[in-house]
Enquirer: 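There's a structure below that I have some questions on.
Heads up: numbering here begins at 1 and tracks the sequence. All values below come from the heavy atoms of this structure, side chains included, with hydrogens, waters and symmetry mates left out. Just so it is clear, the structure is predicted and the values come from calculations on it, not from any experiment.
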Amino acid sequence: MTQNEAALAGVLEIFRRNPQRQFTVEQIERQARRDRLGNFTDLIKSLATLEHEKKIITDGNGRYQLTQENTEVEGVFRANDKGFGFVRLDDEEADDIFIGADNTKLALDGDRVKVKITVGGNPWNGKGPEGEVLEILERGTNSLVGEYTPLEDLQVKISHFAGYVISTNKKFKKYKVYVSDQGIIPQLGDMVKVTIKDYPSEDIPDSMTGAVVEVIGNKNDPGVDIMSIVAEHDIRVDWPEDALAQANAIPDHVTDEEKKGRRDIRDQAAVTIDGDDSKDFDDAVVVWKKPNGNYHLGVHIADVAHYVKEGTPLDREAFARGNSTYLVDRVIPMLPFRLSNGICSLNEGVDRLVLSCDMEITPDGERVGYDIYPSLMRSHGRLTYNKVNQALTDVPDSDLEDKYVKVRPMLREMADLHEVLYQQRHNRGAIDFEEPEAKIIVDDKGKPVDIVLHERGTAEKMIESFMLLANETVAEAYYKKHVPFLYRVHETPEADRITRFFEFCSAFGLNIKADPNDVKPLDLQKVVTKTLGTPEEAVVQMMMLRSLKQAHYSEEPLGHFGIAAKYYTHFTSPIRRYSDTMVHRMIHTYLEEGMGDEVKEHFASELPEVAEQTSTQERRSIDTERATNDLKMTEYMADQVGQKFDAVVSSVTSFGMFVQLENTVEGLIHISNLKDDFYSYDEKTMTLTGRGTHKQYKVGMPIKVVLTNANVEQHQLDFEVYDPDAKKRPHNDRGQGRNGRGRYRGDRNRDNRNGHGGRGNRDRRKGYSGDRQHKVSKNNRGQRLGQSSKRPR
């Protein structure tokens, strides 16, 4: 093989190893140099040859990607209710593969499939790859939730079947699931959960068979709508008898035996600070100034691991649930209420077992010492965010309880310490976004009656600062002990995504001096700072967050990019997160049994499964919380069809734009309902521009809208622009945009929002935000960057 042939084969192999990646010449040169594939001239010749042979494609500006025709890949099929779908590959950076309705091989949403790419995508002209499903490798759905109809009510009888179920999920609505006449027989109108036995086939493409495993209740009964969503997402509600028996056997007070061997800190003025409606309190804090001028910060966390021992029924159930799920009208806890609201809750005035993390912090925010130990504490006050914020202002004290007045000096020191810690995080590059929290108020029948916005005050922010520091301290302490540990990680974003984000910013005149291949949190924080208060602020932040990865749990200390932390874990919420309970368990074991090989090997073998399970269940809860919020927000708006609202454009796509009202409710203005002109979409600037009027819609701009439709069943809101002076276009034939491929790709993006209305777009903020530290409210804004406000980053 000649040198030129070797270089050609080597460069082609670089592309084949990364079939979805776009390479610049510089990136290929670096890789070629490592692989010793010849000089720069050989590289350029190889690229020219491969492009001529149509083995690679280029954007004409120095970027190249492998041509994908006839490539076979595996991924997860995501169906659209119109019949077509997309296959999402394991590589998060890869483009989804469009699958036409005739090429799905009857795959269902969530199925893992093998796909042959029939048309290679071109990322530079907006054309994505297309393919056909070759094989269904694994079914992704084994149960559905829907409304039951008896066959006898239709005067039809099919042997061995009692009735059928139509799923509430629009992606499965075209299928009738015929259920067995053996076992549970529901009544007309019942919402039920069914397991699937037989899937669609070529002979019977529009039906399945199964059996009813749960009757949730009649569709018109209060709360059944929420519980149907809970069942659809496989959130565990019922407690196994052995787990309840174990919980009931635990004393409701701390015994004398349990106090032995613990440091007694009951004299410290530790307090809990939570929302008005909180029922479980798993963290208490105390602050004082030391003689040397430094701050003492004590963060004391409920010692759940003392009560939930490894391998017990309670432990198995907590592991299966992964975390508590906070819904509009209820909480589905990770632990039985006897524990979560009782012995594990740091209730005012009673003894409780805790794991403590004491930290010494200089006036400049540097942590110069710490101590992690089991202790016995007593809360000196159950404080609320609202009243702490009031105590921190100069408002007269007339309506403040004595306990707030008594601890006011400490609260002011806490606020001062928070400012120091916030500045320390800011200086190292932590990325922070502020937006109002929305809480949906429902009546006793589950009907939404109001949506209340809440801005975070100093109290919320200082608790967040304290929990963040405790999490970092514990993670660093056990990393430096060289023992297995569970970390909360948020990895550095991919260079390709950051490159695209920087290119997007350049369209707004933002000159970002940073290397996409070595981006730092501080680089992105500077972008946020530059755009604060500008019309571009919203769109730039949204696109930045889309470029970030999703936070998750790992046994590897991969760092947390979003908060610019080298070491990070979840230590502070063991009542509602199994990850924290696991961290506590490891701390206890290392303190009590030492750090020998046997102990380390045990946790090393356990942690991968724990990391995967807790990450999976976290996403499951977030999806459930989002779905219930979408349902109730749509239900709240259903009585307001025809009304006019002030709104802001929250996202712009090829098929229209999403708008957000002042109460955070979002919905779609479809491009077909922009009736004054024909609009073209610019992907780079995310704008819609009228061809004749040159009117432009972009993210962040204010707009007046009319609510035209509220589909409660599908959680969808539709709006139109309200402009009484606008002239309508001369005819309704929109041509492109309503037919063909353009609409399909738009619907794919719309579908990704997990419910009409664009909140999924904020979910693409990928976990860093959702890693927001503490418990601002119980409305579970799972939309905040992938996590509810009750769960730290």
Side-chain angles (χ1 to χ4, degrees), residues 244 246-259 262-287 298-308 314 318 323-324 326 330-358 373-388 391 400-407 410-411 414 459-460 462-463 466-467 470 571-577 580-581 584 774-778 789-792:
L244 283 179
Q246 181 185 347
N248 291 333
I250 294 173
D252 61 1
H253 63 281
V254 177
T255 66
D256 291 339
E257 185 65 26
E258 290 173 319
K259 297 176 183 179
R262 289 177 176 265
R263 194 178 304 179
D264 190 339
I265 59 169
R266 287 177 290 182
D267 60 331
Q268 295 183 13
V271 295
T272 62
I273 306 177
D274 295 84
D276 290 344
D277 56 354
S278 296
K279 299 293 189 297
D280 54 6
F281 314 110
D282 51 11
D283 57 86
V285 292
V286 64
V287 168
V299 175
H300 309 292
I301 308 299
D303 195 352
V304 172
H306 173 82
Y307 299 102
V308 182
L314 271 177
N323 48 252
S324 299
Y326 292 83
R330 72 198 72 198
V331 177
I332 301 174
M334 185 184 79
L335 300 173
F337 285 116
R338 180 177 173 83
L339 271 67
S340 62
N341 292 18
I343 190 62
C344 291
S345 182
L346 308 185
N347 300 325
E348 181 176 327
V350 294
D351 291 352
R352 287 293 184 258
L353 304 181
V354 293
L355 272 184
S356 296
C357 179
D358 288 345
Y373 57 92
S375 61
L376 173 69
M377 71 152 284
R378 180 180 297 167
S379 171
H380 285 232
R382 184 276 199 251
L383 311 185
T384 67
Y385 290 131
N386 287 332
K387 291 188 176 180
V388 168
L400 272 180
E401 300 170 47
D402 288 342
K403 63 182 177 182
Y404 289 92
V405 177
K406 183 178 180 180
V407 299
M410 181 176 72
L411 294 177
M414 286 182 175
E460 291 92 335
M462 73 186 189
I463 291 298
F466 299 162
M467 300 302 125
F571 165 76
T572 53
S573 295
I575 288 177
R576 60 185 64 89
R577 287 190 307 232
D580 305 54
T581 302
H584 283 215
H774 207 55
K775 30 195 190 287
V776 174
S777 67
K778 288 280 188 154
S789 56
K790 272 298 244 187
R791 304 189 196 96

Enquirer: Specify the closest pair of heavy atoms between V299 and M467, including all atoms of both residues, with the distance to one decimal.
Expert: CG1-CE, 3.8 Å

Enquirer: Can you list the residues that meet the salt bridge (Lys or Arg N to Asp or Glu O under 4.0 Å) rule with R382, with sequence neighbours excluded?
Expert: none

Enquirer: How many angstroms lie between atom CD1 of I575 and atom CG of L346, to the nearest 0.5 angstrom?
Expert: 6.5 Å

Enquirer: Mind checking whether I463 and V388 have side chains closer than 4.5 Å, heavy atoms only?
Expert: no

Enquirer: Tell me, please, which residues at least two apart from N341 pass side chain to side chain donor-acceptor pair (under 3.5 Å).
Expert: none

Enquirer: Working to the nearest 0.5 angstrom, can you tell me the gap between I265 CD1 and S356 OG?
Expert: 4.0 Å

Enquirer: Applying side-chain contact (heavy atoms from CB on, under 4.5 Å), run through L400 and K387 and close with a yes or a no.
Expert: CA-CA 7 Å; L400 272 180; K387 291 188 176 180; 4.1 Å; yes

Enquirer: Between the side chain of K279 and the main-chain N/O of D277, is any donor-acceptor distance below 3.5 Å?
Expert: yes

Enquirer: For Q246, enumerate each residue passing the side-chain contact (heavy atoms from CB on, under 4.5 Å) test, keeping only those at least two apart in sequence or located in another chain.
Expert: T312, P313, L314

Enquirer: Ignoring hydrogens, what is the shortest heavy-atom contact between R352 and N347? Give both atom names and the distance.
Expert: NH2-ND2, 3.7 Å

Enquirer: Would you say D402 has more than 12 foreign heavy atoms packed within less than 6.0 Å of its CG?
Expert: no

Enquirer: Does S278 use its side chain to pair, donor to acceptor, with the backbone of D280 at less than 3.5 Å?
Expert: no

Enquirer: Kindly give the heavy-atom pair with the smallest separation between A269 and M410, and that separation in Å.
Expert: O-CE, 3.3 Å

Enquirer: Please name all residues satisfying side-chain contact (heavy atoms from CB on, under 4.5 Å) with E258, sequence neighbours left out, ordered by chain then number.
Expert: V254, T255, H306, Y307, L353

Enquirer: Can you give me the closest heavy-atom contact between M334 and N323, atom names plus distance?
Expert: CB-C, 3.8 Å

Enquirer: Which residues pass the ring pair (Phe, Tyr, Trp, His ring centres under 6.0 Å) test with H300, not counting sequence neighbours?
Expert: none

Enquirer: Going by the rule side chain to side chain donor-acceptor pair (under 3.5 Å), which residues pair with K406 if we only count those two or more places apart in sequence or in a different chain?
Expert: none

Enquirer: Could you tell me if the side chain of L355 sits less than 4.5 Å from the side chain of F571, heavy atoms only?
Expert: yes

Enquirer: Can you tell me how far apart CD (E348) and NE2 (H380) are? Round to the nearest 0.5 Å.
Expert: 10.0 Å

Enquirer: Under the side-chain contact (heavy atoms from CB on, under 4.5 Å) criterion, do M377 and V286 qualify, and how do the steps go?
Expert: CA-CA 11 Å; M377 71 152 284; V286 64; over 6 Å; no

Enquirer: Working to the nearest 0.5 angstrom, can you tell me the gap between D283 CG and I273 CD1?
Expert: 9.0 Å

Enquirer: Listed by chain and number, what are the salt bridge (Lys or Arg N to Asp or Glu O under 4.0 Å) partners of D256, not counting sequence neighbours?
Expert: K259

Enquirer: Could you list the residues that satisfy side-chain contact (heavy atoms from CB on, under 4.5 Å) with D276, not counting sequence neighbours?
Expert: T384, N386

Enquirer: Tell me every residue that passes salt bridge (Lys or Arg N to Asp or Glu O under 4.0 Å) with R266, counting only those two or more places apart in sequence or in another chain.
Expert: D264, D351

Enquirer: Between D580 and I301, does the side-chain contact (heavy atoms from CB on, under 4.5 Å) criterion hold? Intermediate values first, please.
Expert: CA-CA 10 Å; D580 305 54; I301 308 299; over 6 Å; no

Enquirer: Do the side chain of D282 and the main chain of A302 share a donor and acceptor less than 3.5 angstrom apart?
Expert: no

Enquirer: For the residue pair A391 and L411, what are the closest heavy atoms and their distance?
Expert: CB-CD1, 4.2 Å

Enquirer: With a 3.5 Å distance limit and no angle check, can you tell me whether S345 reaches the backbone of F281 through a side-chain donor-acceptor pair?
Expert: yes

Enquirer: Working to the nearest 0.5 Å, report the span between CG of D252 and CG of L339.
Expert: 11.0 Å

Enquirer: Give, for atom NE2 of H253 and atom CD1 of I343, the distance between the pair rounded to the nearest 0.5 Å.
Expert: 8.0 Å

Enquirer: Could you pull out the closest heavy-atom pair between S379 and V271, with the gap in Å?
Expert: OG-CA, 4.3 Å

Enquirer: Look at the side chain of T272 and the backbone N and O of A284, then say whether any donor-acceptor pair between them is shorter than 3.5 Å.
Expert: no

